[in-house]
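Notes follow the structure.
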There are 2 protein chains.
Amino acid sequence: MEITELPKGYTKDELIQPQTKLSESNLKSMLRSMNLKVTNQRLSILKALNKGPKTHVTAKDVFERVSAEYPNIGFATVYRFLKETSRFGITSELRIGYAPTRYELKVREHHHHIVCTKCGKIVEFQNEIIEDQIKKVGKDHNFSIEHHIFELYGFCNNPNCCK
Amino acid sequence: MEITELPKGYTKDELIQPQTKLSESNLKSMLRSMNLKVTNQRLSILKALNKGPKTHVTAKDVFERVSAEYPNIGFATVYRFLKETSRFGITSELRIGYAPTRYELKVREHHHHIVCTKCGKIVEFQNEIIEDQIKKVGKDHNFSIEHHIFELYGFCNNPNCCK
DNA sequence: CCAAAGATGAAAATGATTGTCATTTTTATT
DNA sequence: AATAAAAATGACAATCATTTTCATCTTTGG
């Protein structure tokens, strides 16, 4: 199986941190901190990003969620704004395999993913030793590391995973 | 600067391992090990992959190199075959930022990349501690890890890097 | 040499993402 | 509250990497 989409949901214990509730004013100050104007569309997009249980969402996912509230919203608006959130560090971009880019609000703790290439299951993990090594590698090569991509792929050894 | 292409060349000391020369019969047995028929186009693509100094090449790069020898080769042939090489583990796919997929022959030693997001410079590195942790993470989460993506992004602190 | 099985090239299709631009909204300032 | 400048929006076209399709050609085992 080629991974082209993520699983529909996650069980709670596979998430590093449960979904956080963000108030309207939280969201507004997010926008202000980005020096962007506060619009209903943007608030709605941020709300969509913060809506569980699926926390890594594509522009299409967001578009669908927001369309319910704003039936006229354009695709470009969603794309444009998602890109800006990542530019401003509000979200992180997940680019796994050939699937469309996924966005995730950075209110969640820093973590990485293990992807099962058979069933598409995603499990999150954290590893301090790796984070320390990343800092060391940066120092050794005289780079200021700003961010990193780190994804593991393999097979989950679950009995319920498709063979 | 948004990274959309890699730098034209590498200085020797930034490469984990210099380019290896592969003989025609090496290449042919590669193809046989993939259970694929031996065609001039495929040999030419493998040669292109093995031609330095740029070791991470896009389908377009390969297409251009091979076109010199086979002016009629189709883009689809290149894409199709590159994808197969990666499926068979002959190459690894590099997907950095929004740039087109890059392929790299796996005759080179396993390594990762640090990408300067200002000037596009790429430096390769190896880190045993991280490799060990990857194994550990897989074990801890009951996954058989088959491969991983790991790329660092930041700024190279070189005086010659564009500010 | 011959007949599958497989590979190729040309061109169209796909699908995510981006660009354009006329219109509308936000917001700081009267 | 009215207003003007700056910014955002939506519709839609354009890009661009990658895939598909399919009719034609090659490879390869017998």
Side-chain angles (χ1 to χ4, degrees), chain A residues 2-6 24 27-46 48 56-64 66-67 69-88 91 93-103, chain B residues 2-6 24 27-46 48 56-64 66-67 69-88 91 93-103:
Chain A
E2 189 106 60
I3 296 298
T4 50
E5 62 163 3
L6 303 188
E24 186 96 354
L27 302 178
K28 284 184 182 172
S29 36
M30 267 191 188
L31 289 176
R32 298 222 176 80
S33 76
M34 288 191 262
N35 275 315
L36 296 178
K37 298 198 166 156
V38 176
T39 66
N40 293 326
Q41 290 91 330
R42 285 173 174 166
L43 288 173
S44 184
I45 290 171
L46 288 176
H56 318 94
V57 290
T58 63
K60 198 150 157 277
D61 292 334
V62 171
F63 177 76
E64 278 160 14
V66 174
S67 287
E69 206 173 351
Y70 294 95
N72 304 1
I73 197 165
F75 241 111
T77 303
V78 174
Y79 269 101
R80 262 184 309 230
F81 180 58
L82 285 177
K83 195 130 199 219
E84 291 199 279
T85 59
S86 118
R87 188 153 42 236
F88 282 93
T91 58
E93 284 185 341
L94 255 186
R95 313 189 70 240
I96 294 181
Y98 286 100
T101 306
R102 286 170 185 274
Y103 292 86
Chain B
E2 189 106 58
I3 295 299
T4 49
E5 62 163 4
L6 301 189
E24 185 96 355
L27 302 179
K28 284 186 182 173
S29 35
M30 266 192 190
L31 289 176
R32 297 220 176 80
S33 77
M34 289 192 261
N35 275 314
L36 295 178
K37 298 198 165 156
V38 176
T39 66
N40 293 327
Q41 290 92 330
R42 284 173 176 167
L43 288 172
S44 184
I45 290 170
L46 287 177
H56 318 97
V57 289
T58 63
K60 196 149 156 279
D61 292 334
V62 171
F63 177 77
E64 277 160 14
V66 173
S67 288
E69 204 173 352
Y70 294 95
N72 304 359
I73 196 163
F75 241 111
T77 303
V78 174
Y79 269 101
R80 262 183 310 231
F81 181 58
L82 285 177
K83 194 131 200 216
E84 291 199 279
T85 60
S86 117
R87 188 151 43 236
F88 280 94
T91 59
E93 285 184 340
L94 255 187
R95 313 190 69 241
I96 294 181
Y98 287 99
T101 307
R102 286 170 185 275
Y103 291 86

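Chain naming here is simple, since letters A, B, ... match the order of the sequence lines and numbering starts at 1 in each. Every value quoted in this text rests on a predicted model; they were computed, and no experiment measured them.
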Quiz item: Out of dA16(C), dG10(D), dT19(D), which nucleotide sits closest to the side chain of Pro100(A)?
Solution: dA16(C)
Quiz item: OP1 or OP2 of dT25(C) less than 4.0 angstrom from a side-chain nitrogen or oxygen of Gln41(A), does that happen here?
Solution: no
Quiz item: Within this structure, what is the CZ-to-P distance between Arg102(B) and dT18(D), rounded to whole angstrom?
Solution: 10 Å
Quiz item: Between dG10(D) atom P and Ile45(A) atom CD1, what is the distance in whole Å?
Solution: 9 Å
Self-check item: Value in whole Å for how far the P atom of dA7(C) lies from OH of Tyr70(B)
Solution: 16 Å
Self-check item: Interatomic distance, Glu69(B) CD vs dT8(C) P [rounded to whole Å]
Solution: 14 Å
Self-check item: Phosphate-side-chain proximity, Thr101(A) and dT17(C), N/O vs OP1/OP2 below 4.0 Å
Solution: yes
Quiz item: Side chains of Arg42(A) and Lys37(A): does their closest heavy-atom pair fall under 4.5 Å?
Solution: yes
Self-check item: 4.5 Å side-chain heavy-atom contact, Val38(A) and Arg32(A)
Solution: yes
Quiz item: Start at the 5' end of DNA chain C and walk down; is the nucleotide closest to Leu36(B) or to Pro71(B) reached first?
Solution: Leu36(B)
Quiz item: Do any side-chain nitrogens or oxygens of Thr77(B) fall under 4.0 Å of OP1 or OP2 in dG9(C)?
Solution: yes
Quiz item: Given that Glu84(A) and Ala76(A) both sit by DNA chain D, which one's nearest nucleotide is further toward the 5' end?
Solution: Glu84(A)
Self-check item: Distance in angstrom units between Phe63(A) CZ and dT18(C) P, rounded
Solution: 16 Å
Quiz prompt | Any N/O donor-acceptor pair, Lys37(B) side-chain to dA5(C) base, under 3.5 Å | solution = yes
Self-check item: Between dT26(C) (P) and Phe81(A) (CZ): distance, integer Å
Solution: 14 Å
Exercise. Check if the side chain of Arg80(A) and the base of dG19(C) share a donor-acceptor pair of N or O atoms closer than 3.5 Å.
Key: no
Practice problem: Looking only at side-chain atoms of Tyr79(A), point me to the closest of dT20(D), dT19(D), dA16(C). | Solution: dA16(C)
Quiz item: Does the side chain of Leu31(A) reach to within under 4.5 Å of the side chain of Leu46(A), using non-hydrogen atoms?
Solution: yes
Quiz item: Atom NZ of Lys60(A) and atom C1' of dT14(C): how far apart are they, to the nearest Å?
Solution: 13 Å
Quiz item: Taking the side chain from Ser86(B) and the backbone from Thr91(B), do they hold a donor-acceptor pair closer than 3.5 Å?
Solution: no
Quiz item: Does Thr39(B) put a side-chain nitrogen or oxygen below 4.0 Å from OP1 or OP2 of dG6(C)?
Solution: no
Quiz item: If each of Arg42(B) and Phe75(B) is mapped to the nucleotide of DNA chain C with the nearest heavy atom, which maps nearer the 5' terminus, i.e. the 5' end?
Solution: Arg42(B)
Exercise. For the residue pair Leu36(A) and Phe81(A), establish whether any side-chain heavy-atom pair is separated by less than 4.5 Å.
Key: yes
Quiz prompt | Phosphate OP1/OP2 of dA16(C) contacted by Thr58(A) side-chain N/O (<4.0 Å) | solution = no
Quiz item: Roughly how many Å is it from CG in Asn40(A) to C1' in dT24(C), rounded to a whole number?
Solution: 13 Å
